[in-house]
Number of protein chains: 2
Amino acid sequence: MRPTVHDIAAEAGVSLATVDRVLNARPGVRRKTVDKVQAAVERLGYVRDVSAANLAKKRTYPLVFILPEGPNSFMRGLEAEIRAAMQRSPVERTAIRIETVPPFDPAAIVGVLDSLDPAEVNGVALVATDTPDVSAAVDRLVDRGVHVATLVSDLPGSQRIHFCGIDNLAAGRTAGGLIGRFCNGRAGKVLVVAGSMKLSDHMDRASGFAAVLRSEFPDLEIVGPVETNDDADTVRQAVTAALDAETEIIAIYSLGAGTRGLIEALPDREQRKLAVVAHEVTEHSRQALAEGLFDAVINQDCGHEVRSAIRVLKARADGLMPISAQERIRIDIFLKDNLP
Amino acid sequence: MRPTVHDIAAEAGVSLATVDRVLNARPGVRRKTVDKVQAAVERLGYVRDVSAANLAKKRTYPLVFILPEGPNSFMRGLEAEIRAAMQRSPVERTAIRIETVPPFDPAAIVGVLDSLDPAEVNGVALVATDTPDVSAAVDRLVDRGVHVATLVSDLPGSQRIHFCGIDNLAAGRTAGGLIGRFCNGRAGKVLVVAGSMKLSDHMDRASGFAAVLRSEFPDLEIVGPVETNDDADTVRQAVTAALDAETEIIAIYSLGAGTRGLIEALPDREQRKLAVVAHEVTEHSRQALAEGLFDAVINQDCGHEVRSAIRVLKARADGLMPISAQERIRIDIFLKDNLP
DNA sequence: AGATTTCTGATTTACGTACCTCAAGAATTG
DNA sequence: CAATTCTTGAGGTACGTAAATCAGAAATCT
């Protein structure tokens, strides 16, 4: 039978109330007594029964998610996952609110961050543009006692407690490794299409990609990155223009969104053998994979990211440090052959 | 505030005791009353508070894991994950026992299965050889009222309730897609190294691999599969012999274990440009990837598999059906660039 | 109708933790 | 030394569900 607080009390030779004070870090216990209790906890291997604890303190965690509005499939998928988490609210004792802001609009994010009331909000997860004003607004919010985690795209200079997303440098390297191997010895140019260099995830992917090409595949030369603001039409025009202008392009790495535009711009498979790697499994990219138009798609599981963000924010609200090893989000690689 | 059993009782116009009888499927309630209560549950959107329920019924789930002994790194990793789950036993209310058997020994598995007492064991997860005797022993155990799940390698003909593992056909296809693209137009032979065709996971991988090569990369011809019983020394000898005999081999797909042997048999990267894809991230394969000796490693997260097995067996012990969509184990692809 | 069986209500206890109050003991201060 | 503050003990209630008992009501059968 696993030990209870009663067993700890008996073992330590103190009362139940004292054990409770120690376990919940309440004041009014002498240092020596605290040690006695903690020793007893160690000896008996006591672990708090989370079920019972949750039952007793019927605490709820008010959280806010901030993400860009607009047609971006990935962001809409992210929103769907947040809504799924809201469905689980009664079980997880969360109260989640979603705030959407215009994409690529630092000022809008700052506005939302500054409007949050620490009395009503326990934690915030946001998809941020990596700009100084957003960073400052995050720091202000943290100073006001709200825990902040970044989602999908990081804010490295800020006081956010955690980044819930993939290692985008590694993602870029992976794309480089794949494209390099898919081109397999052929020399030529690789078109890199990005959304915005204001986003740290796009920046990181571009860097990682360039690093691998430079060191491992020196015969491949990068064209770009072309910035498209993740807009499908812009992507289509940019890719079409680049393919027309540069006949030596043998591969494309699309590290942002607007995948539909990329697909529309791609020439027939037979005409021109391009190695294509894109990001995020969506309806469009899935079909492009299946049809052989894309060779690989790098994906981040936004369900994992949302769940991780909630865990981390809840843990911090309880004064615990998140176990970062457990919260690592993996980079998924999909070929047509392993599409779920 | 979310509704409680008391609210249900009031809403349905019955007593708490009756609500309890209905919710826990206890006998002694008229059909009409059951409907009334269920209607009230629907109306109020009642969901059982798992914390409170777990607290009240202090049930434990005795489970048994059966897996092969021996030096196989993957199996030892699996065992480590099971032991990690045992650490969580107090929280998850499980009582897990591990039984190891000699590898590739159906009779030993049968022996263990037949020795289990339904009174003491609630569920079994096993890494099975796909042979008729094991299948029959599983069916006997199921008939005696013990829930059985297969782990890593399936037993398709049996009455196991669930397979906790990856889609190995898709894994084989993925390997085919990767190797096909890595060879990129070159014609030649591909050596396939397997552990044992008694294992359904190895069978499936080989089939999926062959299917993709046949349909998408007809210039690549399969040599093998060579059976090695997952023994490193046998793998080394087999690969060395094959490479000596067939000078046209340009790629290797190792779909089983004994990865150390494969690494030892591989010629210097410079000498002979081989595309190599293997399975499972272990200490050896990780290093081979990092050194550029392997091009890709396909992995299954055995931590996920163990946790999934426990969830499934617990759910079945409570008479619930597992949500199969949630229990799908993903196929991980690792390059040197995205190694965790 | 009465006897019997089948349902239902009312009530209680337990699970392990959180959190509260009140009183009394111990330690510290002036 | 007394006055004060700090620690501790004892005891209680609450959380929502499970599981049990027992008496009484309702339905079914003879």
Side-chain angles (χ1 to χ4, degrees), chain A residues 1-41 44-61 88-93 314 317-320, chain B residues 1-41 44-61 88-93 314 317-320:
Chain A
M1 217 58 222
R2 67 189 271 206
T4 74
V5 275
H6 293 85
D7 301 321
I8 302 299
E11 175 78 12
V14 299
S15 78
L16 206 57
T18 302
V19 173
D20 178 66
R21 290 182 185 112
V22 173
L23 289 181
N24 295 290
R26 274 184 262 279
V29 184
R30 222 177 321 163
R31 185 57 196 268
K32 245 178 68 185
T33 318
V34 172
D35 293 342
K36 260 202 312 193
V37 172
Q38 278 170 348
V41 167
L44 299 188
Y46 168 82
V47 267
R48 171 196 260 107
D49 183 325
V50 201
S51 289
N54 286 345
L55 184 57
K57 61 162 177 238
K58 11 186 301 164
R59 184 197 203 307
T60 59
Y61 302 81
R88 293 191 303 272
S89 273
V91 181
E92 300 180 343
R93 305 190 318 292
K314 278 175 65 174
D318 287 336
L320 306 169
Chain B
M1 215 61 220
R2 65 190 274 204
T4 75
V5 275
H6 293 84
D7 301 321
I8 301 298
E11 175 78 13
V14 299
S15 77
L16 205 59
T18 302
V19 173
D20 178 66
R21 289 181 186 112
V22 173
L23 289 180
N24 294 290
R26 276 184 258 279
V29 184
R30 222 176 321 160
R31 184 57 194 267
K32 242 176 69 184
T33 317
V34 172
D35 292 342
K36 259 200 312 191
V37 172
Q38 279 169 347
V41 167
L44 299 188
Y46 168 83
V47 269
R48 173 196 257 106
D49 182 327
V50 202
S51 289
N54 285 347
L55 182 58
K57 62 163 175 234
K58 16 184 295 163
R59 185 195 200 306
T60 60
Y61 303 81
R88 294 191 303 271
S89 273
V91 180
E92 301 181 341
R93 305 192 318 290
K314 278 175 65 174
D318 287 335
L320 307 170

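Every chain is numbered from 1 and lettered A, B, ... according to where its sequence line falls, protein lines coming before strand lines. All values reported here derive from a predicted model rather than from experimental measurement.
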Taking [atom1] from [X] and [atom2] from [N], how many angstroms apart are they, rounded to a whole number?
X: A:H6; N: C:dA14; atom1: NE2; atom2: P; answer: 12 Å
X: A:Y46; N: C:dA18; atom1: OH; atom2: P; answer: 6 Å
X: B:D49; N: D:dA14; atom1: CG; atom2: P; answer: 18 Å
X: A:L55; N: C:dT17; atom1: CG; atom2: C1'; answer: 8 Å

Check every atom of [options] against the side chain of [X] and return the nucleotide holding the closest atom.
X: B:K58; options: D:dG16, C:dA18, C:dC15; answer: C:dC15
X: A:A53; options: D:dT8, C:dA18, C:dT11; answer: C:dA18
X: A:V14; options: D:dT17, D:dG9, C:dG9; answer: D:dG9
X: B:S15; options: D:dT17, C:dA10, D:dT8; answer: C:dA10
X: A:D20; options: D:dT7, C:dA18, C:dG16; answer: C:dA18
X: B:R30; options: D:dT8, C:dA18, C:dC7; answer: C:dC7
X: A:A56; options: D:dA18, C:dA10, C:dT17; answer: C:dT17
X: A:R26; options: C:dA10, C:dA18, D:dC15; answer: C:dA18

Does B:A17 or A:A52 map to a spot on DNA chain C nearer the 5' end, using the closest nucleotide for each?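 Final value for this comparison: B:A17.
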If you find the nucleotide of DNA chain C closest to B:K57 and the one closest to B:R21, which residue's nucleotide is nearer the 5' end?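 Looking at DNA chain C, the more 5' nearest nucleotide goes with B:R21.
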